[in-house]
K.L.:
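Let me begin by handing over the structure; questions about it come next.
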Amino acid sequence: MNKKQDFKSALNVMDGIEQPGQINADAVKKLKSKRPQALSTNEFVHDIRSGNRTILSKAITLIESSLHSHQHKAQEIINSCLPFSGKSIRIGITGVPGVGKSTFIEALGMYLTTQGHKVAVLAIDPSSTRSKGSILGDKTRMEELAVNPLAYIRPSPSAGSLGGVARKTRETIILCEAAGFDVILVETVGVGQSETTVRSMVDFFLLLMLAGAGDELQGIKRGIMEMADAIFINKADGDNVNKAKAARIEYKNALHLFPPAESGWNPVVDLCSAQSRMGIETVWTYIGNFTETTKSNGFFEQQRKQQFRQVLTETIDQALKRDYYGRKDIAQSLAHYEKEVLAGNLSPYTAASMLLEKHKP
Ligand code: GDP
């Protein structure tokens, strides 16, 4: 025995006495089998489909990883899960911070699980590093739902580009569906561009609003209202009920000004109180009616196909851009042409077409 080996054990071992192995070989096997890298794609898919949440979470972690080998494995898993996906209703929920999104999601999620649904909750929030603990990662949010065996809550991937976060969320939806979740709730903060992104991955888009919070439109842009299949005025409780009723009329009138929706569904405006759980059932009834209408007129499928098409072109766009701008020769030429443009010697259009001509993508 050399000195190094002596240090391996804290026990003083007498020569001549047979020692058991230091590590339990069975335990090693078991531990190894739990490492995501050690599972084959088939094992992953099998476990995800049988509803194993630990493995589902591990697969989502692979999706979120930037390591090439993880990405490769994640893509294999996603492709194998695709045939088992798509059978859920995907619902986007948005509204300004403080409107009551997480309280609402907890209420809706709890209601749905009592109806026998399996609910997955995902979030899109590229702006937040979650350091303030205000978004899904905070343990104080959705306390009941978080321990509900029929629900699965996955915090948003840590901050990144909106495109990156969106892609991860889209892929996560596929895995959750393959795991048997039949209602997917995607939360996004009602500021900036993330609503448009969430809209492009869900079937039904719900906007939560507040009544009497000063400006009736609360910085929610007209475009976001236009994307909504339902607007619910939350906190319609206590002293707030009359204000909420007045706001309902106002929003209904605002919606009348929009052109009829392609879906054949007329967006609805109603009241709820996530806190007292009033109106939660109504939301679900509307979603049921929406699904019925859009499945029978073909819009439901058409919208999903359109979303696939959009992902395909977006992915190609991003890859082309990354490759193009990543090339050294192009970076050099770009610097040169930029100078020419800024010096007033070339128009930006001419410079762009010269660059594109010189370095074909
Ligand atoms: P989020 O930032 O949109 O996720 O909003 P939260 O769900 O965290 O809610 C913000 C605050 O509003 C919390 O203090 C909630 O308790 C409160 N809240 C949420 N829903 C209601 C409601 O229906 N009525 C009342 N009165 N308060 C609510």
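These numbers come from the heavy atoms of this one structure, side chains and all, not from hydrogens, waters or symmetry mates. First listed ligand is number 1; within each ligand, the first listed atom is number 1.
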K.L.:
Can you tell me if CD on E281 sees more than 12 non-hydrogen neighbours from other groups inside 6.0 Å?
P.N.:
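Result for CD/E281: open.
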K.L.:
Quick one: which ligand 1 atoms are inside 4.0 Å of a heavy atom on V96?
P.N.:
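Those atoms are 3 (O).
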K.L.:
Between ligand 1 and E187, is the shortest N or O to N or O distance under 3.5 Å?
P.N.:
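By distance alone, the answer is no.
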K.L.:
Once rounded to the nearest 0.5 Å, what's the spacing between atom CZ of R154 and atom CG of L56?
P.N.:
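Here the interatomic distance stands at 8.0 Å.
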K.L.:
Quick check with a 6.0 Å cut-off and a 45 degree axis cone: is R49 positioned over the face of F84's six-membered ring?
P.N.:
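Verdict for F84: a cation-pi partner in R49.
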K.L.:
Does the residue G95 have a heavy-atom contact with ligand 1, meaning some pair of atoms that are separated by less than 4.0 Å?
P.N.:
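Contact check G95 vs ligand 1: negative.
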K.L.:
Has ligand 1 got any nitrogen or oxygen that is less than 3.5 angstrom from a nitrogen or oxygen of G98?
P.N.:
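Yes.
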K.L.:
Going by the atom numbers of ligand 1, which of them fall below 4.0 Å from some non-hydrogen atom of N234?
P.N.:
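Reading through ligand 1 atom by atom, the close ones are 20 (N), 21 (C), 23 (O).
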K.L.:
For ligand 1, which atoms sit closer than 4.0 Å to a heavy atom of S102?
P.N.:
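The atoms of ligand 1 under 4.0 Å from a heavy atom of S102 are 4 (O), 6 (P), 7 (O), 8 (O).
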K.L.:
Do Q307 and R170 come close enough that some side-chain heavy atom pair is under 4.5 Å?
P.N.:
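Not in contact.
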K.L.:
Just heavy atoms, cut-off under 4.0 Å: does N240 contact ligand 1 by side chain, backbone, both, or neither?
P.N.:
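None of N240 does.
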K.L.:
Using a 4.0 Å cut-off to any heavy atom of P97, which atoms of ligand 1 qualify?
P.N.:
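This gives 2 (O) as the contact atoms.
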K.L.:
Hey, is T103 touching ligand 1 through its side chain, its backbone, both or neither, going by heavy atoms under 4.0 Å?
P.N.:
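Looking at T103 and ligand 1, atoms from backbone and side chain both fall under 4.0 Å.
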K.L.:
Check whether more than 12 heavy atoms from other residues, nucleotides or ligands sit under 6.0 Å from atom NE2 of H336, and answer yes or no.
P.N.:
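Atom NE2 in H336 is crowded, with more than 12 foreign heavy atoms closer than 6.0 Å.
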K.L.:
In Å and rounded to the nearest 0.5 Å, what is the CG to CG distance from L185 to L108?
P.N.:
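One finds 5.5 Å between CG of L185 and CG of L108.
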K.L.:
Does A274 reach ligand 1 with a nitrogen or oxygen that is under 3.5 Å from one of the ligand's nitrogen or oxygen atoms?
P.N.:
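N/O-N/O distance below 3.5 Å exists for this pair.
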K.L.:
Looking at D237, which atoms of ligand 1 are within less than 4.0 Å of one of its heavy atoms?
P.N.:
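Counting atoms of ligand 1 from 1, those under 4.0 Å from D237 are 22 (C), 23 (O), 24 (N), 25 (C), 26 (N).
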K.L.:
Between the candidates G100, A107, A244, which shows the shortest non-hydrogen contact distance to atom 5 (O) of ligand 1?
P.N.:
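Ranked by closest heavy atom to atom 5 (O) of ligand 1, first place is G100.
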K.L.:
Within the 4.0 Å heavy-atom shell around K101, which atoms of ligand 1 are there?
P.N.:
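Those of ligand 1 that fall under 4.0 Å from K101 are 1 (P), 3 (O), 4 (O), 5 (O), 7 (O).
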K.L.:
Say you draw a straight line from CD1 of I91 to CD of E187; how long is it, rounded to the nearest 0.5 Å?
P.N.:
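Going from CD1 on I91 over to CD on E187, the span is 13.5 Å.
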K.L.:
Measuring from non-hydrogen atoms of L208 to any atom of ligand 1, is the shortest distance under 4.0 Å?
P.N.:
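Judged by the 4.0 Å heavy-atom criterion, L208 does not count as contacting ligand 1.
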K.L.:
State yes or no: do F299 and W265 share one hydrophobic cluster built from I, L, V, M, F, W and Y residues joined by side-chain heavy-atom distances below 4.5 Å, directly or via other members?
P.N.:
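As far as the 4.5 Å side-chain criterion goes, W265 and F299 are not connected within one cluster.
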K.L.:
Just wondering, do F290 and V268 contact through their side chains at under 4.5 Å, heavy atoms?
P.N.:
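A side-chain contact under 4.5 Å is absent here.
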